[in-house]
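Only one structure is covered here, and it is reproduced in the block below.
From a predicted model like this one, the values you see are computed outputs, not experimental measurements. Along the sequence shown, residues carry numbers from 1.
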Amino acid sequence: MRTHSPSNRLLTATGIALLRTDADALLFSAKSFAAAMLAYYIALRAGVPKPSWAIVTVYIVSQNSAGASLRRGVYRFAGTIVGAVATVAIIPCFVNDPLVCSVVLAGWIGLCLYFSLLDRTARAYAFVLSGYTASLIGFPGVFNPAAIFDTASVRVQEISIGILCAVLVHRFVLPKRMTGQFTAKLSATLRDARRLAGDALHGRSGQEIRRDRDRLAGDLLALQGLAGHLPYDPVPVTPSRETLHLIHDRLARLLPLATEVADRIHALRSGDHSLPNELPNELAALLDEAGHWLAAADAAGRDAVAIRLIDRARTLRTRIAVEAATAGDRLAANLAGHLAEVIGLLHECDRLGRIVGRIVGRNGERTATSHIQRATGYVYHRDPWMAAWSALGAVAGIVIGCAFWIWSAWPEGGLAVSILGVCCALFGNVDTPAPNVVKYMTGSVVGVAVSLVYGFAILPRVTDFAGLAAVLAPAFLVAGSLQARPPTTYMALGITLTIPILSGLGASYAGDFAGSLNSVVALFAATGFAVVSMSLFQTIPVDAAIGRLLRLNRRDVRRRALGGAPDEALWTSLMIDRTALLLPRLRLSGASHPDVLDDTLHHLRVGHAAGRFHRAIRHLDGNDGASDGEIAYDGFELLTAIALRFGPGYRAGPSDATALHRRVEALAARIADSPPADRALLLDLLIDLRFALGPGGAVTWENDR
């Protein structure tokens with residue numbers, strides 16, 4: 001009998017995945033071309049001046065799923081309306097000073113880019129299109145303000161036709177639903193979460209658990225991106241926002257909690273802690289049973305076992321905490337409590353995952369989750385300073401382009417600057433936008449060559465619409481297939497956005513070679529200057545972006561230690577988003593991948609532990625007892641020392657870390673010797689804080705406490 005090696009199976013799976021990708025790309029291309037021809041036909045029948053814009057809009061709006069296309073179409077329409085209104089309001093006010101008018105338009109584009117960078121959700125596309133539309137309509141109309149209202153009106157009509165056709169075709173012709181992609185990604189994410197928890201329960205550390213953490217952080221960002229399209233998906237019901245937020249909160253908490261568990265297991269197995277004879281066996285048995293529970297294949301059958309394991313872990317924690325005589329006992333109790341939390345999180349994720357899998361009605365989902373606390377959901381990192389830097393860079397580049405255009409009286413300068421503004425708006429949402437503009441320019445070179453062939457060799461011989469669609473099909477089908485593949489998306493856009501305009505797809509054949517040549521010169525001058533301008537003014541070096549994120553982490557840890565910054569769930573989600581932002585940047589950087597991500601996890605754990613400890617100490621400070629007040633004072637002193645450690649410019653040395661650890665241990669000894677209110681909670685929180693502060697969770701507790 002023939003057997004297949006793992007390498008052969010891998011090659012087979014890879015081949016199937018590639019074929020599926022090819023099929024999806026071809027289907028997307030065919031549907032996009034059909035929508036483009038429908039939009040062009042309607043625009044011709046409607047008599048709009050530039051029906052080619054309807055084709056361009058189809059290719060800008062079209063996405064790989066029906067829900068994503070509808071969502072993008074909605075935001076493009078909203079952005080187009082706002083951009084057109086803004087342009088009509090700006091141009092007449094500065095009719096006598098073209099340069100000032102151009103500066104104001106550039107400022108509007110920069111403002112739209114700023115808000116799009118701050119938003120970071122699909123709504124950001126509406127802001128992008130507000131600036132994009134103002135650039136397309138405004139700059140060519142600076143010297144012809146009398147026609148600006150008519151230009152804006154017809155442009156909105158042309159774009160609206162394209163949006164409508166793209167949405168209808170992608171939604172009703174062999175629609176690709178986002179719900180199936182989301183549930184498949186959710187299943188994979190839950191498997192990754194269980195793998196991370198399993199590695200933690202086995203006490204693994206280093207590369208394995210680090211890889212699992214990074215994968216889960218990326219999964220959460222991908223899930224959030226897919227979830228945003230679900231309300232627009234053409235399905236009867238979709239998972240409620242509350243359910244999705246609950247899943248995210250539990251997975252987000254699991255990411256640092258797995259490291260907490262792994263650190264404590266490693267510390268207990270290292271032999272530095274003395275435990276009563278009967279506890280190690282019971283704790284080890286509980287960990288072993290939890291590991292078997294994680295590996296069980298039957299999701300529904302895991303529920304009863306999970307509830308029993310949670311009860312056992314909580315009971316064990318309570319008993320150890322009550323009888324605790326040493327620091328090792330308290331650490332064992334702390335581990336049992338965290339183990340109960342890990343099992344509870346995964347149990348809730350299993351249950352919520354089944355709800356999403358069944359896609360039950362919204363009322364049913366709310367009933368099923370009504371007993372759980374309010375969810376936070378995904379929290380996006382937003383940096384106003386970095387957004388402002390990119391926006392001001394875009395304004396500077398556009399203003400320089402406008403100054404050259406007006407000073408030189410270049411007839412095609414308005415078109416060139418409008419393309420420059422489009423590049424700044426469309427490509428300015430990344431740290432280094434110039435390479436994407438280069439890809440777009442490469443596609444534009446192909447698009448120009450194809451356009452000239454169409455415009456002056458093929459289209460003059462076409463006599464009806466069916467023939468026109470037939471001759472356009474090869475170029476658009478190939479370009480549309482490339483657009484569906486992320487590595488070639490920008491290059492394909494250069495083709496699909498260039499051909500309709502330069503090949504003369506108007507209401508009638510024009511055949512203006514001089515006009516086409518001038519437009520080509522304006523196109524390449526604008527994109528070439530955009531590459532230079534964005535490299536100078538809108539590029540943020542990858543190491544600078546990484547350093548900025550790490551500095552913000554330290555700032556927020558300091559705030560949490562002093563009682564500020566967001567609550568625990570929001571803090572955890574924010575830090576996970578920052579981790580997801582670091583991952584692609586680290587691949588482009590020479591910085592050490594493990595060190596930077598470990599720093600982020602360190603910041604997350606310290607901020608979480610310090611914030612909880614501050615809240616507990618503040619509650620203790622409100623009590624009347626003298627010893628409670630003294631312990632609260634020492635607790636605030638400890639938190640202040642932690643805040644100073646994460647202050648700007650602080651250079652931590654080994655002796656500083658040792659001194660901080662000794663302060664934690666001294667406070668724990670004092671709390672153990674003169675029990676205040678909430679003694680067990682305070683000791684538990686100090687253990688969390690000590691492990692979070694320690695390098696890799698390595699702790700040297702004294703056994704006789």
Side-chain angles (χ1 to χ4, degrees), residues 200 253-254 256-268 272-276 279 282-283 286-287 310-345 560-561 567-569 571-572 604-621 623 627-628 631-632 634-636 638-639 642 660-661 663-694 697-703 705:
R253 173 60 185 144
L254 180 67
L257 188 61
T259 303
E260 304 280 359
V261 170
D263 285 350
R264 283 147 184 76
I265 292 175
H266 175 74
L268 286 169
D272 293 335
H273 302 274
S274 61
L275 298 172
L279 287 180
E282 190 172 357
L283 194 57
L286 182 60
L287 288 169
I310 293 169
D311 289 340
R312 280 183 57 190
R314 288 173 177 170
T315 302
L316 183 61
R317 177 190 181 280
T318 302
R319 178 152 53 84
I320 298 175
V322 169
E323 301 172 357
T326 68
D329 295 340
R330 293 192 289 272
L331 181 56
N334 181 271
L335 172 58
H338 284 312
L339 179 60
E341 188 178 0
V342 167
I343 297 171
L345 290 172
R560 286 191 62 77
D567 61 28
E568 281 79 17
W571 164 253
T572 300
L604 166 57
R605 294 173 63 188
V606 174
H608 188 272
R612 293 187 65 203
F613 186 67
H614 187 282
R615 189 168 63 246
I617 287 295
R618 188 173 55 195
H619 176 72
L620 183 67
D621 192 35
N623 296 336
S627 64
D628 287 1
I631 290 174
D634 290 345
F636 286 129
L638 171 63
L639 290 170
I642 292 173
L660 193 59
H661 295 162
R663 293 183 71 161
V664 175
E665 294 176 9
L667 182 58
R670 183 169 185 178
I671 292 172
D673 292 339
S674 56
D678 299 328
R679 170 179 175 271
L681 173 63
L682 290 172
L683 290 173
D684 212 40
L685 292 175
L686 278 174
I687 292 173
D688 289 347
L689 189 58
R690 179 63 177 81
F691 269 87
L693 289 169
V699 191
T700 55
W701 296 84
E702 295 181 21
N703 292 331
R705 286 192 181 157

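A search for salt bridge (charged side-chain N to carboxylate O under 4.0 Å, His left out) contacts involving R663 returns nothing, not counting sequence neighbours. D634 meets the salt bridge (charged side-chain N to carboxylate O under 4.0 Å, His left out) test with R670; sequence neighbours excluded. Looking at residues two or more places apart in sequence or on another chain, you find a side chain to side chain contact (heavy atoms under 4.5 Å, CB included) between D684 and R317, N334. Applying the side chain to side chain contact (heavy atoms under 4.5 Å, CB included) rule to A321 yields the partners A333; only residues at least two apart in sequence or on another chain are considered. For T572, the side chain to side chain donor-acceptor pair (under 3.5 Å) criterion is met by no residue, not counting sequence neighbours. Listed by chain and number, the residues in a side chain to side chain donor-acceptor pair (under 3.5 Å) with R253 are E341 (sequence neighbours excluded).
A332 and L283 get closest at one heavy-atom pair: CB-CD2, 4.1 Å. Between I642 and A561, the shortest heavy-atom contact is CG2-CB, 4.3 Å. Closest of all the heavy-atom pairs between L667 and G635 is CD2-CA, 3.9 Å. Here the closest non-hydrogen pair linking A692 and V606 is O-CG2, 3.5 Å. When all heavy atoms are compared, the tightest approach of A313 to A340 is CB-CB, 3.6 Å.
Contact check on E665 versus R690 returns a salt bridge, with a Lys/Arg side-chain nitrogen under 4.0 Å from an Asp/Glu carboxylate oxygen.
A distance of 6.5 Å separates CG of L286 from CG of L316, quoted to the nearest 0.5 Å. With rounding to the nearest 0.5 angstrom, the CZ atom of R330 is 9.5 Å from the CG atom of L686. How far CG of L339 is from CZ of R312: 9.5 Å, rounded to the nearest 0.5 Å. Within the model, atoms CD1 of I631 and CG of L638 stand 13.0 Å from one another, a figure rounded to the nearest 0.5 Å. To the nearest 0.5 Å, atoms CZ (F636) and CZ (R618) are separated by 7.5 Å. Atom CG of L287 sits about 4.5 Å away from atom CD1 of I265, to the nearest 0.5 Å.
Remark: the H608 side chain and the D688 side chain contain no N/O donor-acceptor pair separated by less than 3.5 Å.
Taking the centre and axis of the six-membered ring of F691, the NZ or CZ atom of R605 falls outside the cone set by 45° and 6.0 Å.
A side-chain contact (heavy atoms from CB on, under 4.5 Å) with L685 is found for exactly one of L681, L683, L689, namely L681.
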